[in-house]
Amino acid sequence: MKRTNIPKRHVIVILTFICTSVCYIERVGFSIAYTAASDATGVNQTSKGMILSTFYYGDACSQVPGGWAAQKIGGRRILLLSFVLWSITCAFVPLDLNRVTILVIARLLVGVAQGFIFPSIHTVLAQWVPPHERSRSVSLTTSGMYFGAAAGMLVLPSAIWSVLWFKYAIDPPRSEHPKATAAGFGEFLLPIKGNQKTKVENGGHSISSPKIPWKKIIFSLPVWAIVVNNFTFHYALYVLMNWLPTYFELDLQLSLEDMGSSKMMPYFNMFLFSNIGGVIADHLITRRVLSVTRTRKLLNTIGFVVASFALMALPRFGTPGGVVFCSSMALGFLALGRAGFAVNHMDVAPRYAGIVMGVSNTAGTLAGIIGVDLTGRILEAAKAAQLDLTSSDSWRAVFIIPGSLCIFSSIFFLLFSTGERIFD
């Protein structure tokens, strides 16, 4: 680290990008492999939805504890620990689909381990990234999810990342952030053990570690604006991630192998649009074209409204190219919208970014449970009603639900979100 001219905060952001990439390589890789294997063995849609959603039950259980642990112990340590534990639990996933109990437990444990990762990342970024770099830093980090989703069939040993994080990730020193208190990042946000006090450069007085304002967080409308949009974003993402391969095979009579590289386009589009959104947001804010609040609302609204139309139009296209285009537009603009709601954690609560992320990401994980399982039930009900699953009419409700949620969420964010700091 001392031999390079790259700022330490940029190294931290790059490492968190790699971390999210590896996480989603595993998620998408399992989804593709399980879908292919279950279709080959005749597993019904309800059972498939149940297995695919098991991960999200574990993920939901550890989001808020992950934020709390990162707040108390430190995001750097919790992130490393959760990544190592997740890598180990992946080894317990059985290859035999008939071992349903072991498969469910293994996926549940993988979800629990991964649940600590994203709250820890937001805690680390809140400590390291100054306000004028927040949008593009968070966008680059989260775009790793989409890069990893696109590269889901590749192999990237997780041990390499663990070594890199252990070697290069450190807590931000005071000397590098002389205005940490005012800016809302840096050592001022680090956890304080016990009754220990730390001096801050704000009149030279000492402050003790504050209690986490759970009640204020839970009843805050700006926090709920983040939560609602996180739920919708992940509902749409997880439904497409887990069920789009089945849609291609049943409705379009096309396997993933036949699609070639085009199957990765929606996720590469997310990677691209996520970073574009971050750069635009920081430009609008730093050049004072728009306030933080208006910037977040503008990008969130554009992203979710365009995604809504794309989702609703998807089943109307009867060609692989049309479906790839619609899914790419939907996921791409949803990723653009993350420059609105997803960065907002650090706007409203830089000290408690990991906690707020844990709360909102719990909603996002519940969206995975509900969306993936509900989609399986919708398709099974259509089959029971003797509807043809190879017809797009049977799939229309699958895409109308997330499309409608996008409209509702964008309105909710317009009404109740803010870019101002509301938690001291």
Side-chain angles (χ1 to χ4, degrees), residues 23-25 27-36 45 48-49 52-53 55-56 59 142-143 145-153 229-252 254-256 259 262-274 303-304 306-317 319-338 364-379 389 392 394-407 409:
C23 286
Y24 270 70
I25 285 174
R27 292 192 192 187
V28 174
F30 176 82
S31 176
I32 292 174
Y34 178 75
T35 296
Q45 305 302 322
K48 188 192 297 184
L52 290 173
S53 64
F55 168 90
Y56 304 110
D59 200 38
T142 55
S143 72
M145 299 187 299
Y146 324 131
F147 182 84
M153 300 304 292
N229 281 265
N230 205 333
F231 179 92
T232 296
F233 173 87
H234 284 97
Y235 187 102
L237 174 63
Y238 291 146
V239 166
L240 290 177
M241 182 185 296
N242 288 282
W243 286 103
L244 202 56
T246 302
Y247 180 75
F248 273 107
E249 292 190 7
L250 293 181
D251 187 73
L252 301 177
L254 191 67
S255 68
L256 292 179
M259 291 177 62
S262 63
K263 62 178 175 288
M264 298 186 291
M265 287 305 298
Y267 301 114
F268 275 127
N269 216 38
M270 291 189 84
F271 171 78
L272 179 64
F273 274 63
S274 177
F304 276 64
V306 174
S308 172
F309 287 115
L311 285 165
M312 292 183 180
L314 192 151
R316 298 181 182 276
F317 284 83
T319 63
V323 173
V324 169
F325 173 77
C326 284
S327 58
S328 296
M329 290 291 290
L331 292 179
F333 275 90
L334 280 173
L336 181 79
R338 288 189 69 91
T365 305
L366 289 174
I369 296 172
I370 295 171
V372 174
D373 185 64
L374 178 61
T375 299
R377 294 179 184 278
I378 290 173
L379 295 176
L389 293 185
S392 59
S394 302
W395 288 82
R396 193 154 293 166
V398 171
F399 300 109
I400 287 178
I401 293 173
S404 302
L405 286 174
C406 284
I407 296 294
S409 299

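In this text the structure is predicted, and so the values were computed from the model without any measurement.
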Side-chain donor-acceptor contacts of residues 235-244 below 3.5 Å, not counting sequence neighbours, with atom names and distances?
from, atom 1, to, atom 2, distance (Å)
Tyr238, OH, Tyr24, OH, 3.2
Tyr238, OH, Arg27, NH1, 2.8
Asn242, OD1, Ser31, OG, 3.3
Asn242, ND2, Tyr56, OH, 3.1
Asn242, ND2, Tyr238, O, 2.8
Trp243, NE1, Val372, O, 3.1

Where do Ser53 and Asp373 come nearest, in terms of heavy atoms and distance? OG-CB, 4.1 Å
For the atom pair CZ (Phe231) and OG (Ser409), what is the distance rounded to the nearest 0.5 Å? 8.5 Å
How close do Leu331 and Pro266 get, heavy atom to heavy atom, and via which atoms? CD1-CB, 3.7 Å
Looking only at non-hydrogen atoms, find the nearest pair between Phe317 and Tyr247 and report the distance. O-OH, 4.1 Å
Roughly how far, to the nearest 0.5 Å, is the CZ atom of Phe304 from the CG atom of Leu405? 10.0 Å
If you round to the nearest 0.5 Å, how far is OG of Ser308 from CG of Leu334? 9.5 Å
Which atom names give the shortest non-hydrogen contact between Ala335 and Met270, and what distance separates them? CB-O, 3.4 Å
Spatial distance of atom OG (Ser274) from atom CG (Asn269) [nearest 0.5 Å]: 11.0 Å
If I compare all heavy atoms of Gly403 with all of Met312, which pair ends up nearest, and what's the gap? C-CE, 3.5 Å
Could you tell me the separation between the CD1 atom of Ile401 and the CZ atom of Arg396, rounded to the nearest 0.5 Å? 13.5 Å
Give, for atom OG1 of Thr375 and atom CH2 of Trp395, the distance between the pair rounded to the nearest 0.5 Å. 8.0 Å
Heavy-atom closest pair (Ala307 atom, Cys406 atom, distance to 0.1 Å) is CB-SG, 4.4 Å
Donor-acceptor list for residues 322-329 side chains, cut-off 3.5 Å, not counting sequence neighbours:
from, atom 1, to, atom 2, distance (Å)
Ser327, OG, Val323, O, 2.9
Ser327, OG, Val324, O, 3.1
Ser328, OG, Val324, O, 2.7

